[in-house]
Amino acid sequence: MSQHGRRIPANKVKQRAVIASAVVASLGVGVGLWATDGDGDGDPPGSAARSSGEAAAPSPSRSYPLSKEPRTIPAVRDHTPARGPGWQPEKGNRVVVADSGLADEGKLVAGELGMAYAGEKDDERAGDLLLDVKADKGANPESYTMTVRDGRVTVTGPAEAGVWFGTRTLKQAVDGGGTAPEGVVKDEPAKPKRGFSLDIARKHYDADWIKDRIRELGDLKYNELGLHFSDDQAFRIESDSHPEIVSDEHLTKAETKEIIDLATSRHITVVPEIDSPGHLGAVIAAHPDLQLRNAQGTATRGAIDISEPEAAEIVDDLLDEYADLFPGSQFHLGADEYQALVVSDPEASYPTLAAAARKAYGSDGTVADLTTGWLNGRAKTVMAHDRTPRAWNDGFFKDTSVEPVEDLKVAYWTGKEIGARPPAEYLSAGREVLNYNDEFLYYVLGEPQTFVYPTGERIYEQWTPRVLRGTQAVDAEYDDQVLGGSFAVWGDIPSAQTQAQVADGIRLPLAATVQKLWDPDKPELSWADFKSLADRLD
């Protein structure tokens with residue numbers, strides 16, 4: 001394979017093997033191929049080169065075919081084959097690190113493979129696994145090289161994250177007694193954001209279940225876990241600033257920190273989501289005076305009155321508090337399905353909001369302007385904590401006098417809302433987009449409305465990161481603006497499945513999703529073979 005992922009066709013490999021066999025036979029060297037290094041040169045192992053005409057004495061000799069790439073999920077993108085026995089972990093073999101910054105990765109993989117963690121060493125021993133960060137300016141920090149040669153393995157990367165992902169490849173290669181094949185793997189993800197989003201607001205998941213998913217995500221080379229913990233039904237993480245809004249079943253801050261620490265050890269960023277100005281029913285239940293009401297005085301479910309200054313104060317209190325709890329670089333602000341904007345005439349239906357919009361933005365100010373201003377205010381709150389904000393695509397409104405702040409990333413999930421815009425409109429305006437396509441990536445408990453549980457097979461065979469809406473891909477010119485995507489579990493009917501059923505139901509879709517985020521090209525394996533591999537690695 002080349003560095004760009006082109007694999008040597010199987011027929012070419014066979015042709016080369018046949019030619020090599022013919023050459024050996026013509027030299028009178030007996031049956032079989034000599035074991036060689038990656039360039040094909042070398043003598044039979046355990047014997048010295050003989051002078052011309054010397055009789056070939058029997059000697060212990062092994063013959064190795066060219067290695068095949070390791071079978072992993074996601075598949076490696078480049079493997080240079082070589083001849084040799086490969087590598088298997090053995091008790092007493094060492095994991096050695098070239099830098100103390102890799103101690104956590106080294107200790108973890110040593111425990112997983114039943115090896116001894118030796119720390120920083122400058123000697124070499126048979127059976128060693130060496131982890132090393134080698135600076136490479138401009139290289140993808142999640143890229144890595146795994147070299148299997150001379151009975152040892154070396155995993156290098158330009159950053160610790162890349163080395164971590166290399167250990168995941170090695171772990172999968174030797175899973176269940178397998179062998180890491182001789183040769184060199186050069187690998188990197190196509191997309192920088194590879195996420196799993198979990199709605200813990202409408203369905204409570206215990207901390208241990210979430211930790212199990214983190215371990216699963218880490219082995220699959222995911223790097224984001226989204227936690228949607230505030231919604232109409234519940235608020236699920238302990239709060240010091242507003243304890244009155246927290247539901248009985250919730251994660252403590254200590255449990256949340258354990259989740260974050262475990263994710264960090266797997267190079268996974270936990271992305272908190274506090275959805276506003278809709279989906280705030282749990283907050284409104286404790287502050288009913290902040291509920292949005294229409295022209296008839298009827299309460300609007302889940303919607304906070306954004307004309308009230310106290311509404312912004314409470315939400316900003318929460319954003320500040322959880323920016324301190326969640327140390328990652330990302331924050332999800334929601335912004336979807338604000339009910340004031342799903343009616344035909346928002347200004348007539350919500351005169352209080354219309355008046356506030358005119359006061360803030362002049363006589364032509366609209367409810368959409370006011371709502372965009374609200375989103376910008378929350379974005380600036382988290383940006384003050386050096387967080388990059390994202391919001392659902394239906395929180396970005398067309399033809400408003402107020403533009404969403406430039407740093408806001410678009411989490412594109414649907415095209416079914418009033419005034420829906422195709423993804424290309426966001427992309428052509430220069431926005432960076434994350435793919436949450438509800439056609440492929442939404443696992444909605446109970447399958448309400450038109451939702452059906454997504455299958456790994458459909459994702460594997462039909463979806464790519466550029467398929468942002470429905471089943472059609474956006475133009476390839478926008479590929480770099482599609483940062484990646486996220487498979488999402490939503491708890492619309494929380495009793496529809498148990499935690500165990502959810503874990504089982506999402507296993508294959510998670511495997512298929514990360515395969516397409518790591519390498520969006522058509523996979524080499526058939527779905528049947530991919531599923532078999534996933535079952536073996538489970």
Side-chain angles (χ1 to χ4, degrees), residues 140-142 159-162 189-199 214 217 221-230 237 256 259-260 263-264 266-277 279 312 315-336 371-397 402-413 423 425-437 441 465 468 478-488 517:
N140 185 333
E142 294 187 314
E160 291 175 14
K191 295 300 179 183
K193 302 295 184 185
R194 304 177 303 282
F196 169 55
S197 182
L198 181 64
D199 172 9
I214 289 171
L217 296 172
K221 302 188 178 83
Y222 277 87
N223 64 2
E224 283 193 353
L225 168 64
L227 292 181
H228 174 93
F229 61 92
S230 169
I237 296 180
T256 305
I259 288 167
I260 294 167
T264 301
R266 266 71 175 170
H267 293 271
I268 294 171
T269 298
V270 182
V271 183
E273 181 188 354
I274 297 178
D275 203 344
S276 79
H279 294 283
V315 173
D316 283 347
D317 286 345
L318 297 170
L319 295 175
D320 287 332
E321 178 178 2
Y322 293 104
D324 288 339
L325 178 62
F326 291 88
S329 61
Q330 310 292 308
F331 212 114
H332 200 318
L333 301 173
D336 62 312
T371 309
T372 304
W374 167 278
L375 176 58
N376 285 348
R378 311 297 71 75
K380 290 173 183 176
T381 297
V382 299
M383 288 166 65
H385 294 273
D386 295 322
R387 303 297 188 269
T388 298
R390 66 183 64 167
W392 299 114
N393 62 286
D394 52 332
F396 294 75
F397 307 106
V402 183
E403 284 293 319
V405 296
E406 186 176 344
D407 288 339
L408 262 169
K409 311 303 180 189
V410 180
Y412 200 100
W413 72 282
E425 287 198 20
Y426 301 88
L427 294 163
S428 63
R431 292 277 176 189
E432 292 182 317
V433 176
L434 296 115
N435 191 328
Y436 291 76
N437 187 337
L441 306 179
L468 286 157
Y478 298 124
D479 188 64
D480 288 345
Q481 289 173 246
V482 181
L483 300 179
S486 186
F487 187 84
L517 289 167

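Note that these values count all heavy atoms, side chains included, but never hydrogens, waters or copies made by symmetry.
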Item to check | Student check: side-chain heavy atoms of Leu441 and Asn435 closer than 4.5 Å | outcome: yes
Item to check | Considering all heavy atoms, the nearest Gly485-Leu517 contact | outcome: N-CD2, 3.5 Å
Checklist entry - Atom CD of Glu273 and atom CZ of Phe331: how far apart are they, to the nearest 0.5 Å? => result 9.5 Å
Checklist entry - Closest approach of Gly334 and Asp275, non-hydrogen atoms and distance? => result CA-OD1, 3.0 Å
Checklist entry - Taking all atoms of both residues into account, what is the closest heavy-atom pair of Pro192 and Asn223, and its distance? => result O-ND2, 2.7 Å
Next on the checklist: For Thr388, give me all partners under side-chain contact (heavy atoms from CB on, under 4.5 Å), at least two apart in sequence or on another chain.
Outcome noted: Gln330, Lys409
Checklist entry - Roughly how far, to the nearest 0.5 Å, is OG of Ser329 from NE2 of His385? => result 14.5 Å
Checklist entry - If you look only at pairs with a residue in residues 378-390, which of them pass as a salt bridge (charged side-chain N to carboxylate O under 4.0 Å, His left out), with sequence neighbours excluded? => result Glu224-Arg390, Asp316-Arg378
Checklist entry - side-chain contact (heavy atoms from CB on, under 4.5 Å) between Phe196 and Leu198: does it pass, once the steps are laid out? => result CA-CA 7 Å; Phe196 169 55; Leu198 181 64; 4.1 Å; yes
Next on the checklist: Going by the rule side-chain contact (heavy atoms from CB on, under 4.5 Å), which residues pair with Ala391 if we only count those two or more places apart in sequence or in a different chain?
Outcome noted: Ala335, Leu375, Phe396, Leu408
Checklist entry - Is the count of non-hydrogen atoms from other residues, nucleotides or ligands lying under 6.0 Å from Asp480 atom CG greater than 12? => result no
Item to check | Residues Trp413, Asp394; criterion side-chain hydrogen bond (donor to acceptor under 3.5 Å, both in side chains); working and verdict | outcome: CA-CA 9 Å; Trp413 72 282; Asp394 52 332; 2.9 Å; yes
Checklist entry - Roughly how far, to the nearest 0.5 Å, is the CZ atom of Arg431 from the CG atom of Leu483? => result 12.5 Å
Item to check | Derivation of the side-chain contact (heavy atoms from CB on, under 4.5 Å) call for Phe487 and Ser197 | outcome: CA-CA 6 Å; Phe487 187 84; Ser197 182; over 6 Å; no
Checklist entry - Stepwise, does the side-chain contact (heavy atoms from CB on, under 4.5 Å) test hold for Ile214 with Ile259? => result CA-CA 8 Å; Ile214 289 171; Ile259 288 167; 3.6 Å; yes
Next on the checklist: I'd like to check the side-chain contact (heavy atoms from CB on, under 4.5 Å) partners of Thr371; sequence neighbours left out, ordered by chain and number.
Outcome noted: Pro277, Ile306, Tyr338, Leu341, Val367, Phe397
Item to check | Nearest-0.5 Å distance, CG of residue Asn437 to OG of residue Ser486 | outcome: 12.0 Å
Item to check | Set of residues satisfying salt bridge (Lys or Arg N to Asp or Glu O under 4.0 Å) with respect to Asp199, sequence neighbours excluded | outcome: Arg202
Checklist entry - Got a second to check how far Ile237's CD1 is from Thr256's OG1, nearest 0.5 Å? => result 4.0 Å
Next on the checklist: Please determine whether side-chain contact (heavy atoms from CB on, under 4.5 Å) holds for the pair Asp336 and His279, giving the CA-CA distance in whole Å, both sets of side-chain angles, and the decisive distance to 0.1 Å.
Outcome noted: CA-CA 8 Å; Asp336 62 312; His279 294 283; 3.3 Å; yes
Item to check | is_close_aromatic(Tyr322, Phe229), centroid dist under 6.0 Å | outcome: yes
Checklist entry - Hey, do the aromatic rings of Tyr412 and Tyr426 have their centres closer than 6.0 Å? => result yes
Checklist outcome for this item: Here the pair of heavy atoms bringing Leu325 nearest to Pro327 is O-CD, 3.3 Å
Checklist outcome for this item: The salt bridge (Lys or Arg N to Asp or Glu O under 4.0 Å) partners of Lys191 (sequence neighbours excluded) come to Asp479
Next on the checklist: So that I can tick it off, tell me whether Glu432 and Lys193 are bridged by a salt bridge, with the cut-off set at under 4.0 angstrom between side-chain N and carboxylate O.
Outcome noted: no
Item to check | From CG (Leu468) to CG (Leu434), nearest 0.5 Å | outcome: 9.5 Å
